[in-house]
Amino acid sequence: MNKYEQQKIIEVVLYILNKTGGIDFYHLFKIIYFAEMKHLVKWGHRILSDDLCALDYGPVPTMLYDAVKGKNANGTILADLLNQNVRFAGNDAPNVLLPEVPANMNYISKSEVEALDESIAENACLTFGQLKQKSHDKAWYEAYHKENGTNVISPITMLEVMDADESVIEYVKEQLELEGELI
């Protein structure tokens, strides 16, 4: 993951935190997950380049999850960037993240803002249990039970969960094949 992609993750986090006034990282991860689904089904690509993995309590952006835990994953500086821009609320709310600065909107497109805003509106006030139930969808189940060989959530299955048009599914499949050829 290059530096731009890492900075974009931070800017999306800052956008969500500023919009919500601060939120626990469980809600943050689920807001991102559902925004990713919305953007993928409408535009044929995800917002972030961070893999979404199926963990016990639902999907999480993998490298962001590590960064929140204070670890720089896979040679990234994401935890360092997060630490410079976000702080934990403190002892009374140890899982709540607060923004230190506004998001740099040069990193976030209008279509991404739309998906993020919709996801914030739909998910920020849900309880832990409601979010867990909602995020344990077919895409999570398939990855969690390693039906696709990994716990990385498939964008194709995400599209199926969202009842995407077949043309969008075919487009995303083609894009994934092209990306695979470039690696």
Side-chain angles (χ1 to χ4, degrees), residues 1 4-41 45-74 76-105 107-109 111-137 139-140 143-144 151-153 155 158 161-162:
M1 179 180 299
Y4 176 86
E5 293 167 327
Q6 292 175 66
Q7 190 65 48
K8 181 168 184 174
I9 291 171
I10 299 303
E11 300 308 333
V12 166
V13 167
L14 287 169
Y15 180 81
I16 295 167
L17 296 179
N18 279 289
K19 194 84 171 174
T20 60
I23 200 162
D24 65 86
F25 56 80
Y26 185 79
H27 277 77
L28 173 70
F29 297 154
K30 301 311 171 266
I31 288 168
I32 290 171
Y33 176 66
F34 291 116
E36 291 281 19
M37 292 177 83
K38 289 175 178 299
H39 200 267
L40 183 64
V41 76
H45 65 89
R46 293 199 26 228
I47 298 168
L48 302 177
S49 58
D50 195 355
D51 285 334
L52 293 161
C53 288
L55 298 184
D56 291 342
Y57 297 110
V60 300
T62 308
M63 291 187 201
L64 178 57
Y65 178 80
D66 287 342
V68 166
K69 299 294 184 185
K71 296 182 258 177
N72 281 320
N74 300 328
T76 68
I77 58 166
L78 199 55
D80 300 332
L81 290 171
L82 188 70
N83 192 40
Q84 294 166 11
N85 293 282
V86 173
R87 66 180 169 86
F88 283 93
N91 292 337
D92 292 337
N95 296 330
V96 173
L97 301 170
L98 300 172
E100 293 281 75
V101 296
N104 180 342
M105 297 308 290
Y107 284 85
I108 307 172
S109 72
S111 66
E112 293 165 345
V113 165
E114 180 183 305
L116 289 164
D117 285 348
E118 287 177 20
S119 185
I120 290 166
E122 293 171 10
N123 300 296
C125 293
L126 295 181
T127 66
F128 175 89
Q130 290 169 324
L131 272 179
K132 181 180 175 192
Q133 182 178 6
K134 183 178 179 181
S135 66
H136 280 65
D137 55 23
W140 171 86
Y144 187 77
N151 73 335
V152 175
I153 295 173
M158 290 169 67
V161 167
M162 296 293 290

Residue list, ring pair (Phe, Tyr, Trp, His ring centres under 6.0 Å) with F25, at least two apart or on another chain: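 Applying ring pair (Phe, Tyr, Trp, His ring centres under 6.0 Å) to F25 gives F29.
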
Geometric class of the Y57/Y26 ring pair [parallel <30°, tilted 30-60°, perpendicular >60°]: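 Correct class here is perpendicular.
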
State, with a plain yes or no, whether a side-chain heavy atom of V68 is found less than 4.5 Å away from one of D66.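 Side-chain contact under 4.5 Å: no.
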
Taking the side chain as every heavy atom from C-beta outward, state whether W140 and P59 have any atom pair closer than 4.5 Å.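 In contact.
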
So, [X] side chain and [Y] main chain: donor-acceptor pair closer than 3.5 Å or not?
{"X": "H45", "Y": "L40", "result": "no"}
{"X": "H27", "Y": "L126", "result": "yes"}
{"X": "H136", "Y": "D56", "result": "yes"}
{"X": "E112", "Y": "S109", "result": "yes"}
{"X": "S119", "Y": "L116", "result": "no"}
{"X": "Q6", "Y": "M1", "result": "yes"}
{"X": "D50", "Y": "L64", "result": "yes"}

For [X] and [Y], work out which heavy atoms get closest and say how close.
{"X": "R46", "Y": "D51", "value": "NH1-CA, 4.4 Å"}
{"X": "Y144", "Y": "A54", "value": "N-CB, 3.5 Å"}
{"X": "A139", "Y": "I153", "value": "CB-CG2, 3.6 Å"}
{"X": "F88", "Y": "P94", "value": "CD2-O, 3.0 Å"}
{"X": "T62", "Y": "C53", "value": "OG1-SG, 2.8 Å"}
{"X": "K8", "Y": "Y107", "value": "CE-O, 3.3 Å"}

Determine the sole option in L52, D137, V41 for which the side chain to side chain contact (heavy atoms under 4.5 Å, CB included) test with M158 is passed.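 In the set L52, D137, V41, the residue that makes a side chain to side chain contact (heavy atoms under 4.5 Å, CB included) with M158 is L52.
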
I'd like to know whether L48 forms a side chain to side chain contact (heavy atoms under 4.5 Å, CB included) with E5, so could you lay out the CA-CA distance, the side-chain angles of the two residues, the decisive distance to 0.1 Å, and finally the verdict. CA-CA 7 Å; L48 302 177; E5 293 167 327; over 6 Å; no

Regarding N104 and Y15, is there a side-chain donor-to-acceptor distance under 3.5 Å anywhere?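 Absent: no donor and acceptor within the cut-off.
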
Using 0.5 Å steps for rounding, measure from the [atom1] atom of [X] to the [atom2] atom of [Y].
{"X": "L17", "Y": "I23", "atom1": "CG", "atom2": "CD1", "value": "8.0 Å"}
{"X": "M63", "Y": "N72", "atom1": "CE", "atom2": "CG", "value": "11.0 Å"}
{"X": "I10", "Y": "Q84", "atom1": "CD1", "atom2": "CD", "value": "8.5 Å"}
{"X": "I16", "Y": "I108", "atom1": "CD1", "atom2": "CD1", "value": "8.0 Å"}
{"X": "E11", "Y": "N18", "atom1": "CD", "atom2": "CG", "value": "10.0 Å"}
{"X": "L14", "Y": "L82", "atom1": "CG", "atom2": "CG", "value": "8.0 Å"}

Crowding at CD, E100 (>12 non-hydrogen neighbours, <6.0 Å):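 Count over threshold, so yes.
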
May I have all residue pairs that pass salt bridge (charged side-chain N to carboxylate O under 4.0 Å, His left out) and include part of residues 13-30, sequence neighbours excluded?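 Sorted result for residues 13-30: K19-D117.
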
